[in-house]
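Chain letters run A, B, ... following the sequence lines, proteins first, then strands; residues in each count from 1. Remember, predicted model here, so these are calculated numbers, not experimental data.
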2 protein chains.
Amino acid sequence: MENDSLTDKLKKAKDRFKSILEKNKNRKTPERFAILEEIYLNQTHFDAESLYIKMKQNSYRVSRATIYNTLDILVECDLVMRHQFGNNKTLYEKSYGFPEHHHIVCEQCGYIREFTDERLNGIVEDAAQLPNNEINRTALNIYTSCLDQDCVNLH
Amino acid sequence: MENDSLTDKLKKAKDRFKSILEKNKNRKTPERFAILEEIYLNQTHFDAESLYIKMKQNSYRVSRATIYNTLDILVECDLVMRHQFGNNKTLYEKSYGFPEHHHIVCEQCGYIREFTDERLNGIVEDAAQLPNNEINRTALNIYTSCLDQDCVNLH
DNA sequence: ATAGTTGCAAAAGCTTTGCAGTATG
DNA sequence: CATACTGCAAAGCTTTTGCAACTAT
């Protein structure tokens, strides 16, 4: 599934969303699917406001309230991940059908790179050994600075 | 130094703060040292507002603006670390003289545990290998849920 | 003396909430 | 046709900013 095209991934995400909404007796409104589509056909690491603006530009009129509400649901459904990279801004990222990964964030220009490392699993499992707990998610963020002046242009 | 008493650590933190302020030609105001003292003699993982309230309760009157300003400086001086544990709140933690560690955060009750793992260093070094970058800090956060109802009481 | 700091209050930025109207099941 | 959902605007929270008054050097 990780080799699917963008539209394949969108389709699978929609199917998942549909079935979870049905299971939970939530309504399958056009707004919810339009938001999911906007997210899955576009770039990763976005904030709520940019998503709002982008949908307005695409002539799809949704309110901010619906954006926030739907993002909450999508996170709950494991279709979207919520991140915080140290600047008091919440960023989101499509996640269903994409491999788990971690982030390297430049504190100067905000550029975000992704990486994976198998060894992390062992660390996390060992660390979280405590009765009555279950791991929901793990975030490993590496914050860097560019050594050159023109940080933004380098990436 | 990691075996020093709280007051020893405070003293060393004050010395460091003093010398960095002098080096940068910043003023050594009583407010700045009062805030440092409040932080170093108290519990870890606090937010700006609680610090503000606590100082007011201790009859030390500082403005919120000074709290935020001083926290910025303390972070810059490596005397305090800034954290975000996924709930849009910035938490701070005294750090000078305390071993580096990572966090396990219960998403239900907010309880925070700390852990260390030597193996992480290798992962971080391998991940961040890119010219013109330098690592400022690394945050590994494990988010959990309690499986029991009375989550808060269990910890 | 002078410029860095403080305090206060206003403003900014992001997110949540209340409510009237709408549309899904 | 009942009620979950949407849109809008207001409110809430945390953090930042502007400016006059103060004080460390």
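By the 4.0 Å N-to-carboxylate-O rule, A:E107 lies close enough to B:R137 to be salt-bridged with it. The pair B:D4-B:K9 does not meet the salt-bridge criterion, since no charged nitrogen lies less than 4.0 angstrom from a carboxylate oxygen. Salt bridge annotation for A:E49-A:R64: present, with a cationic side-chain nitrogen under 4.0 angstrom from a carboxylate oxygen. Using a cut-off of 4.0 Å between Lys/Arg side-chain N and Asp/Glu carboxylate O, B:D15 and B:K11 are scored as salt-bridged.
In this structure, A:R16 satisfies the cation-pi test against A:Y96, with its NZ or CZ atom closer than 6.0 Å to the six-membered ring centre and inside 45 degrees of the ring normal.
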Q) Could you run down nucleotides 7-20 of chain D 5' to 3' and tag each one B, S or - for protein heavy-atom contact under 4.0 Å? A) BB-----SBBB---
**Q.** Protein-to-nucleotide contact annotation, 5' to 3' order, nucleotides 20-25 of chain C [B base; S sugar-phosphate only; - none; under 4.0 Å, heavy atom]
**A.** ---BBS
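Checking the phosphate oxygens (OP1, OP2) of D:dT6, a side-chain nitrogen or oxygen of A:N69 falls inside 4.0 Å.
Using cut-offs of 30° and 60° for the angle between ring planes, the B:H103 and B:H83 rings count as perpendicular. Note on ring orientation: taking the six-membered ring where Trp is involved, the planes of B:F85 and B:H45 are perpendicular (angle over 60°, cut-offs 30° and 60°).
Atom pair A:K25:NZ and D:dA2:C1' shows a separation of 16 Å (rounding to whole Å applied). What separates CD1 of B:I73 from P of C:dT5 is a distance of 6 Å, to the nearest Å. The interatomic distance linking A:I35 (CD1) with D:dC5 (P) rounds to 13 Å, in whole Å. Taking atom NZ of B:K56 as the reference point, atom P of C:dT6 lies 18 Å away to the nearest angstrom.
A side-chain donor-acceptor contact under 3.5 Å links B:N42 to the backbone of B:E38.
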